[in-house]
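Scroll down for the structure; my scribbles are underneath it.
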Amino acid sequence: MSEVQQQLPTDGTAALTERYGSVMMNAFGPPKAVFVRGEGCHLWDADGRKYLDMLSGLAVNGLGHAHPLVLSAITSQLSTLGHVSNFFATPAQIALAERLAGFTGTEARVFFSNSGSEANEAAFKITRLTGRTRIIAAEGSFHGRTMGSLAITHNPKYREPFAPLPGDVTFVPYGDAEALAAELDETVAAVVLEPIQGENGIVTPPAGYLDRARELAHAHGALLWLDEVQTGMGRTGEWLCHRPGGEGWAADLITIAKGLGNGFPVGACLATGPAADLVQPGQHGTTFGGNPVAAIAGMAVIATIERDDLLARARDLGDRLAAEITGWGLPLVSEVRGSGLLRGVVLAEPVAAQIADRALAEGFVINAPRPNVLRLAPPLVLSDAQLDGFLTALQGWLHHIGVPQENS
């Protein structure tokens with residue numbers, strides 16, 4: 001334990017929660033737990049209780065906690081060079097940009113940020129450089145909390161307290177190509193979509209929808225911007241969700257973050273085709289984005305996913321998870337949506353929060369993005385035994401809550 005770590009409070013959960021409430025802004029409400037340690041797919045709270053992490057910090061810790069290769073890479077880079085600003089380049093920055101550009105299958109340029117919201121801010125500004133200002137976004141979308149990313153986020157609860165937001169944004173039903181076609185014209189700079197809507201409950205669009213969105217956007221000279229902040233970097237069993245098997249076209253703008261750094265803050269905006277040349281010196285910037293430590297974290301994540309064949313692992317494990325839950329035939333389960341290890345268990349009743357709280361009480365971390373949806377986004381390194389243990393517990397919760405009170 002370092003000298004600084006020795007200065008951290010060692011109180012139990014109750015005392016730390018009280019201290020949290022007295023010093024932190026009330027942006028998140030009371031914490032559901034206070035975690036002090038993580039290793040692999042497990043977390044430990046301030047009272048020493050162990051949890052299986054089936055959420056990965058909202059799809060961030062794809063390699064689990066304290067992954068040795070990521071730790072080694074970050075530590076080594078910090079001991080060599082930690083930060084120099086973007087007046088200068090570093091080998092790690094260049095190498096990570098080359099790897100990310102390679103995922104597009106075409107020529108691409110990269111702008112590094114510190115988060116998904118910031119990656120979307122960069123993309124938003126790039127759309128303005130087309131000379132047009134109008135953006136079409138989707139109902140149910142979530143793109144972040146900064147003013148620009150919030151402007152293209154649909155939820156009124158998030159938007160209304162901060163109005164007026166950057167304007168000229170039109171929302172259309174997600175997955176409805178005809179509604180999108182009806183709104184597109186020569187005033188539109190970009191169409192922004194999630195390949196799978198995360199916060200809206202892991203909503204997957206109809207087959208061919210993204211292809212059609214690209215055709216429609218390009219027919220009107222607009223960019224197609226895909227927000228892969230949650231779906232990218234192996235989460236759905238692909239480097240980029242919209243390019244299964246690394247084949248097919250790449251969007252004009254692609255934003256990624258979350259799983260890219262396995263917990264180290266790093267995001268990126270990728271631009272392909274003519275969009276790649278829109279940003280010129282002085283038009284956008286960042287102090288910390290893509291510094292050598294963030295970049296080496298991204299390199300370590302990519303190296304581990306490749307070495308351990310975790311793209312295939314995410315696909316196989318996710319398919320088994322979905323098949324087993326569906327196969328139970330429980331009346332409370334309507335369907336299982338999503339791809340790879342980004343899954344939404346859709347319930348016939350609005351009891352998702354109740355189940356998520358019970359899961360936490362029994363040592364499992366999941367969440368309820370919608371009243372009737374459980375979100376599962378475990379680490380890609382989840383073992384078969386860990387998945388089996390979770391599924392056994394989940395079946396019990398669903399059965400118990402699904403039984404009418406007089407019969408339970």
Side-chain angles (χ1 to χ4, degrees), residues 28 32 35 38 40-43 51-67 70 100 103 113-120 140-145 149 153 193-204 226-242 254-268 294 297-298 300-302 304-305 310-311 313-315 317-319 321-322 336-345 352 356 359-360 364-370 373-382 386-387 390:
F28 306 104
K32 293 182 177 294
F35 291 122
C41 296
H42 288 107
L43 292 161
Y51 301 76
L52 181 64
D53 185 0
M54 294 293 291
L55 189 60
S56 303
L58 289 174
V60 168
N61 295 97
L63 305 183
H65 302 274
H67 191 280
V70 178
L100 295 179
F103 295 154
S113 64
N114 307 295
S115 68
S117 287
E118 291 180 37
N120 282 329
S141 61
F142 181 84
H143 299 288
R145 304 282 193 145
S149 60
T153 291
L193 300 166
E194 297 160 89
I196 298 174
Q197 288 191 329
E199 204 208 51
N200 198 32
I202 319 302
V203 179
T204 303
L226 294 184
D227 179 339
E228 293 243 25
V229 168
Q230 187 163 176
T231 55
M233 298 309 299
R235 174 52 52 190
T236 62
E238 308 289 349
W239 290 118
L240 297 173
C241 181
H242 77 282
I254 306 161
T255 49
I256 57 176
K258 288 191 181 291
L260 177 56
N262 205 58
F264 200 95
V266 57
V301 167
I302 293 171
T304 303
I305 291 174
L310 294 180
L311 297 183
R313 176 67 176 169
R315 293 193 296 269
L317 212 60
D319 288 345
L321 181 154
V336 180
R337 299 191 293 229
S339 183
L341 286 175
L342 180 63
R343 297 288 175 164
V345 182
L360 191 67
F364 297 89
V365 180
I366 61 177
N367 95 308
R370 286 292 177 265
V373 181
L374 297 171
R375 173 165 42 185
L376 306 178
L380 312 185
V381 297
L382 188 75
Q386 289 166 338
L387 177 59
F390 169 74

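This is a predicted model, so every value here is computed, not measured. Keep in mind that the numbers below use all heavy atoms, side chains included, and drop hydrogens, waters and symmetry copies.
- Nearest heavy-atom pair, Val266 versus Ala294, reported as atom, atom and distance to 0.1 Å: CB-CB, 3.9 Å.
- A search for side chain to side chain donor-acceptor pair (under 3.5 Å) contacts involving Asn200 returns Gln197, Arg370, not counting sequence neighbours.
- Residue Ser115 holds its OG atom at 9.5 Å from NZ of Lys258, rounded to the nearest 0.5 Å.
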Take Leu360 and Val365 through the test side-chain contact (heavy atoms from CB on, under 4.5 Å) and record every step on the way to the result.
-> CA-CA 5 Å; Leu360 191 67; Val365 180; 4.1 Å; yes
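- Taking the side chain as every heavy atom from C-beta outward, Leu63 and Leu310 approach each other to under 4.5 Å.
- Note that CD of Gln230 is 5.0 Å distant from CG of Leu342, once rounded to the nearest 0.5 Å.
- Residues passing the side-chain contact (heavy atoms from CB on, under 4.5 Å) test with Ala314, sequence neighbours excluded: Leu341, Leu380.
- Tested against Glu228 for a side chain to side chain contact (heavy atoms under 4.5 Å, CB included), the candidates Ile196, Thr255, Ile254 yield a single pass: Ile254.
- Considering SG of Cys241 and CZ of Arg235, their distance stands at 12.0 Å, rounded to 0.5 Å.
- Remark: Asn262 pairs with no residue by the side chain to side chain donor-acceptor pair (under 3.5 Å) rule, at least two apart or across chains.
- Between Gly38 and Ala66, the shortest heavy-atom contact is O-CB, 3.7 Å.
- Phe264 pairs by the ring pair (Phe, Tyr, Trp, His ring centres under 6.0 Å) definition with nothing, not counting sequence neighbours.
- Not one N or O on the side chain of Ser56 forms a donor-acceptor pair closer than 3.5 Å with the backbone of Gly62.
- Of all non-hydrogen atoms in Ser113 and Ala268, the two that sit nearest each other are OG-N, 3.7 Å.
- Legend: residues meeting side-chain contact (heavy atoms from CB on, under 4.5 Å) with Leu311, ordered by chain and number and at least two apart, are Trp239, Ile305, Arg315.
- The two residues Asn120 and Ser149 come nearest to each other via the heavy atoms CB-CB, 4.2 Å.
- The nearest pair of heavy atoms linking Asp53 to Leu55 is OD1-N, 3.0 Å.
- The line from CG of Leu321 to CG of Leu382 is 8.5 Å long, rounded to the nearest 0.5 Å.
- Heavy-atom minimum distance, Ile202 versus Gly338: CG2-CA, 3.6 Å.
- Arg343 meets the salt bridge (Lys or Arg N to Asp or Glu O under 4.0 Å) test with Asp319; sequence neighbours excluded.
- Interatomic distance, CE of Met233 versus OG1 of Thr236, reported as 11.0 Å (0.5 Å rounding).
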For Val373 and Arg337, what are the C-alpha separation, side-chain angles and deciding distance, and is it a side-chain contact (heavy atoms from CB on, under 4.5 Å)?
-> CA-CA 10 Å; Val373 181; Arg337 299 191 293 229; 3.8 Å; yes
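- Separation of atoms CG (Leu193) and CG (Leu226) is listed at 6.5 Å; rounding is to 0.5 Å.
- Put simply, the side chain of Glu194 gets close to the backbone of Phe142: a donor and an acceptor are under 3.5 Å apart.
- Each of Leu100, Thr231, Ile256 was evaluated against Leu240; a single residue qualifies, Ile256, per the side chain to side chain contact (heavy atoms under 4.5 Å, CB included) test.
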